[in-house]
Trainee: 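Take a look at this one; I'll ask things after.
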Amino acid sequence: MLATTLALATGAASHIFWLRHGEHHMWFPTYVQAFSATCIAGVFALAKLTDSTTWAAISTVIWLASSYLLGLLVSVSIYRLFLAPICKFPGPWQMKLSNLYFMSTTDIYSCYKRLDALHAQYGPFVRIGSNDLSIIDPDVMEVAFGQQAKASKAEWYDGPSPYDSMHTTRDKATHDRRRRTWAPGFSDKALRGYEDKVQMFNDKLVTRVREHLGGPTNITKWFNLYSFDVMGQLSFGKDYGMLDSGERHWALDLLVEGMSAAPPKPPVWFFRALLAIPGLAAGYHKFLAFCKQELKTRAHSRKGEDKDITGWLLRDFEGKPNPEEDHMLQADVRLIIVAGSDTTSACLTFLFYHLAQNPEHVQKIRDELRPLTGGDWSDKDIKNAQHLNGAINESLRMHPPVPSGLERVTNKEGMQVGNTYVPPGVNFWVPQYPMGRQEQVYERPLEFTPERWYSEPEMVKKKDAFAPFSMGPYNCIGKNLAYVEMRTLTAQLLLNFDVKLAPGEDGERLRTKTKDHFTVTPGQLDLVFTQATS
Ligand code: HEM
């Protein structure tokens, strides 16, 4: 009896005095090992030091271990339900108990839709985990992401450790140092250098679309091949030739496999446990190996050339042997591919989904572009095309390519969001998908209205809410490049072609089969392009 009470009390004490403080997500496998080792040692000790048989020792240890876990569980549950600093925030009670509940009751690749439904039910602040909030009050943007942010990157970013990229490192000094290395690769000068290459792929895609004129074109596939070809060229100076062959290069399948291992919302300890099980995250590891191989090939060829993004990153390694062995460089190369390809192709796919249903917007864009694009033209000629930019922004607002992130943790002072105080040490998500669909923020939020971004600004009630590229020191470094790609390609396609939904296409697959892996992979969309008639 005494032993049982002690085991229960030790379980509760390990929560109260240990697990309740600090971060533990990286230690989960160690805790499991230590617990198992203690149990095994306990069996041996009991069998050796007492008269117990081995079976009796095993059953005593199982009983005490269960009592310990029960004590732990009861303490954790009471704390999470009634005492945690975020108790006052609304949300389903099961989510307050464990982050696993969200995961087990959500199609994890549609996480953003679940968050949207939860916000519709509970308001702008929802408790979605034991220590997790989802916040879509627009006032959160500046305090969470601005220069004077009261929050930093949360434990989610430890998922791929030790392969931390500029994006996933949680150490601000390391991030800022790395960002200085990246910056020249995204300067205006560098962008001008990339534009010719982007233009080359735009031409290829226009040619491919022309070949399918009048028939159904799986535009999701073509934008995907396009964006990967562009990023291959800009990252490594390598053409993967997918727009030429019309086939997915195996590297693209690896990217999908690699991303599938990383939906946005399993708790990090769970993700790390999966990574530790041999074979379970094979796709993820294959994708890492691919990135390393591409980096190696690039590092040992054309030394000193900076014409691609990896070339700029390699400048830090001049004179050093085997830069491909550097974990952060490997991760940064992976980051370029993932961040730069899926995002732009998703935005383009959703943009054309809306344009295909709204020919008046196609006409408006075309009318606006014609006077700007006589003879040779480039992005600088169409940069201020208001309706085109407005249409792209509408796609980003309604279908943000990063729809459910970004996770942050409040710092020691906590964080004031409008009238609501969020206590210190609380993890929170700011999902752009529900953020962009709120009546309080946008007039007629479910309508695709490019004019809200220039001639009808009253349709945007809170400007801060729109941040598909995030903001502040960790914002998207590729934002300007993304706009160059999306503007020039959209302009070229619309100057040449009319577009409508293919027969039988109603957008259902795009709306329901789009997968959220932090960035989204859109479902299939078939369109019909015809020669422009106006
Ligand atoms: C429509 C297109 C794009 C969207 C919506 C987008 C969105 C975002 C967002 C929301 C973040 C912040 C992530 C976070 O805080 O966890 C981010 C970061 C980043 N993006 Fe983009 N992105 C796009 C295109 C690109 C392109 C073309 C590149 C080029 C390689 C790129 C490279 C990056 C990098 C390197 C970061 C990390 C920045 C840092 O940590 O300092 N993105 N992006």
Side-chain angles (χ1 to χ4, degrees), residues 112 141 144-146 149 151-160 164-172 174-183 185-186 190-191 194 197-198 201 223 226-236 262 264 308-310 312-313 328 331-351 389 392-409 429-433 435-436 466-490 516 518-520 522:
Y112 60 101
M141 294 310 300
F145 302 102
S152 55
K153 289 199 166 180
E155 52 192 49
W156 179 85
Y157 289 87
D158 281 329
D164 289 318
S165 65
M166 167 173 76
H167 172 229
T168 58
T169 179
R170 295 174 70 191
D171 179 58
K172 181 141 182 11
T174 307
H175 171 268
D176 294 352
R177 201 171 52 246
R178 205 67 199 135
R179 184 97 180 188
R180 284 194 289 279
T181 299
W182 276 69
F186 289 85
L191 283 192
Y194 302 147
K197 293 169 188 158
V198 171
F201 291 107
F223 282 145
Y226 163 84
S227 65
F228 198 94
D229 267 357
V230 170
M231 281 328 289
Q233 187 69 50
L234 300 191
S235 331
F236 308 119
D308 51 54
I309 301 168
T310 307
W312 288 100
L313 303 187
M328 190 166 241
D332 276 357
V333 166
R334 189 182 73 227
L335 169 62
I336 302 174
I337 299 178
V338 174
S341 53
D342 270 0
T343 46
T344 40
S345 68
C347 180
L348 284 164
T349 307
F350 281 104
L351 171 60
N389 282 321
I392 293 172
N393 285 348
E394 275 300 78
S395 174
L396 289 168
R397 173 183 72 81
M398 298 177 77
H399 314 280
V402 183
S404 47
L406 314 165
E407 192 184 341
R408 296 292 186 266
V409 56
W429 293 75
V430 182
Q432 279 289 312
Y433 182 85
M435 176 78 96
F466 182 67
F469 296 93
S470 188
M471 58 182 281
Y474 300 106
N475 78 340
C476 175
I477 201 168
K479 176 178 173 181
N480 293 340
L481 173 60
Y483 272 112
V484 168
E485 282 180 53
M486 297 190 293
R487 255 192 313 256
T488 55
L489 179 62
T490 305
D516 178 2
F518 183 69
T519 54
V520 294

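No hydrogens, no waters, no symmetry mates; every other heavy atom, side chains included, goes into these values. Whatever order the structure lists ligands and atoms in, that order sets their numbers, starting from 1. Count residues from 1 along the sequence.
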Trainee: Test of understanding: given a 4.0 Å heavy-atom threshold, classify the contact between W156 and ligand 1 as side chain, backbone, both, or neither.
Mentor: neither
Trainee: Starting from atom 6 (C) of ligand 1, which protein heavy atom do you reach first, and at what distance in Å?
Mentor: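 So the nearest neighbour among protein heavy atoms is F469 CD2, 3.6 Å.
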Trainee: Dump the intermediate steps for side-chain contact (heavy atoms from CB on, under 4.5 Å) on Y157 and T169, then the final yes or no.
Mentor: CA-CA 7 Å; Y157 289 87; T169 179; over 6 Å; no
Trainee: In the protein, which heavy atom is nearest to atom 34 (C) of ligand 1, and how far is it?
Mentor: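 Residue, atom and distance for the closest contact: I477 CG2, 3.8 Å.
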Trainee: Heavy-atom contacts with A482 under 4.0 Å: which atoms of ligand 1 show up? List them by number with element.
Mentor: 2 (C), 24 (C)
Trainee: When you measure from the side chain of S227 to the backbone of D342, do you find a donor-acceptor pair of N or O atoms at a distance under 3.5 Å?
Mentor: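 Such a contact is absent between S227 side chain and D342 backbone.
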Trainee: Please round to the nearest 0.5 Å and tell me the distance separating atom CE of M398 and atom OH of Y433.
Mentor: 8.0 Å
Trainee: List the closest protein heavy-atom neighbour of atom 37 (C) of ligand 1: residue, atom name, distance to the nearest 0.1 Å.
Mentor: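 That would be H167 CB, 4.0 Å.
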Trainee: Identify which of Y483, W182, Y157 has a heavy atom lying nearest to atom 16 (O) of ligand 1.
Mentor: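 Minimum heavy-atom distance to atom 16 (O) of ligand 1 goes to Y157.
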Trainee: Please work out, at 4.0 Å between heavy atoms, whether the side chain, the backbone, both, or neither of R179 comes within that distance of ligand 1.
Mentor: side chain
Trainee: At a 4.0 Å cut-off, with the gap strictly under it, does some heavy atom of R408 reach an atom of ligand 1?
Mentor: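 The answer is yes: ligand 1 sits under 4.0 Å from a heavy atom of R408.
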Trainee: Starting from atom 17 (C) of ligand 1, what is the nearest protein heavy atom, named by residue and atom, and what distance separates them?
Mentor: C476 CB, 3.5 Å
Trainee: Would you mind listing which atoms of ligand 1 come within a distance below 4.0 Å of any non-hydrogen atom of L335?
Mentor: 35 (C)
Trainee: Got a second to check how far M486's CE is from L481's CG, nearest 0.5 Å?
Mentor: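 It is 9.5 Å, given to the nearest 0.5 Å.
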Trainee: Nearest 0.5 Å, what's the CD-CZ distance between E485 and F201?
Mentor: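 These two atoms lie 10.0 Å from each other.
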Trainee: Assess whether side-chain contact (heavy atoms from CB on, under 4.5 Å) is satisfied between Y226 and L348, documenting all intermediate values.
Mentor: CA-CA 11 Å; Y226 163 84; L348 284 164; 4.3 Å; yes
Trainee: Distance-only, no hydrogens or angles: does the T344 side chain make a donor-acceptor pair with backbone N or O of S341 under 3.5 Å?
Mentor: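 At least one qualifying donor-acceptor pair exists.
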Trainee: Can you check whether C347's main-chain N or O pairs, donor with acceptor, with S395's side chain at less than 3.5 Å?
Mentor: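 Yes, because the side chain of S395 sits within donor-acceptor range (under 3.5 Å) of the backbone of C347.
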Trainee: Of all the non-hydrogen atoms in the protein, which one sits nearest to atom 27 (C) of ligand 1, and at what distance?
Mentor: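 Here the nearest protein heavy atom works out to G340 CA, 3.6 Å.
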Trainee: Counting non-hydrogen protein atoms only, what is the nearest one to atom 25 (C) of ligand 1? Give residue, atom name and distance.
Mentor: A339 O, 3.3 Å
Trainee: From R177 CZ over to W182 CH2, what is the distance, rounded to the nearest 0.5 angstrom?
Mentor: 15.5 Å
Trainee: Which is it for N475 and ligand 1 at heavy atoms under 4.0 Å: side chain, backbone, both or neither?
Mentor: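 The part of N475 near ligand 1 is the backbone, not the side chain.
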Trainee: Between H175 and ligand 1, find which residue part has any heavy-atom pair under 4.0 Å and reply side chain, backbone, both or neither.
Mentor: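 Only the side chain of H175 comes within reach of ligand 1.
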Trainee: Tell me whether M231 reaches ligand 1 (any heavy atom closer than 4.0 angstrom to a ligand atom).
Mentor: yes
Trainee: Return the CG to CE distance between L335 and M166, rounded to the nearest 0.5 Å.
Mentor: 5.5 Å
Trainee: Which atoms of ligand 1 have any heavy atom of F518 under 4.0 Å away?
Mentor: 16 (O)
Trainee: Return the residue, atom name and 0.1 Å-rounded distance of the protein heavy atom closest to atom 10 (C) of ligand 1.
Mentor: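 Sorting protein heavy atoms by distance from atom 10 (C) of ligand 1 puts P468 O, 3.2 Å first.
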Trainee: Going from CD on E394 to CZ on F350, what distance comes out if it is rounded to the nearest 0.5 angstrom?
Mentor: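 Here the interatomic distance stands at 14.0 Å.
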Trainee: One residue to check: H399. Relative to ligand 1, which of side chain, backbone, both or neither has a non-hydrogen atom less than 4.0 Å away?
Mentor: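 None of H399 does.
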Trainee: Do the side chains of I477 and F469 get nearer than 4.5 Å, heavy atoms only?
Mentor: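 The answer is no; the side chains never approach within 4.5 Å.
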Trainee: In the protein, which heavy atom is nearest to atom 23 (C) of ligand 1, and how far is it?
Mentor: T343 OG1, 3.5 Å
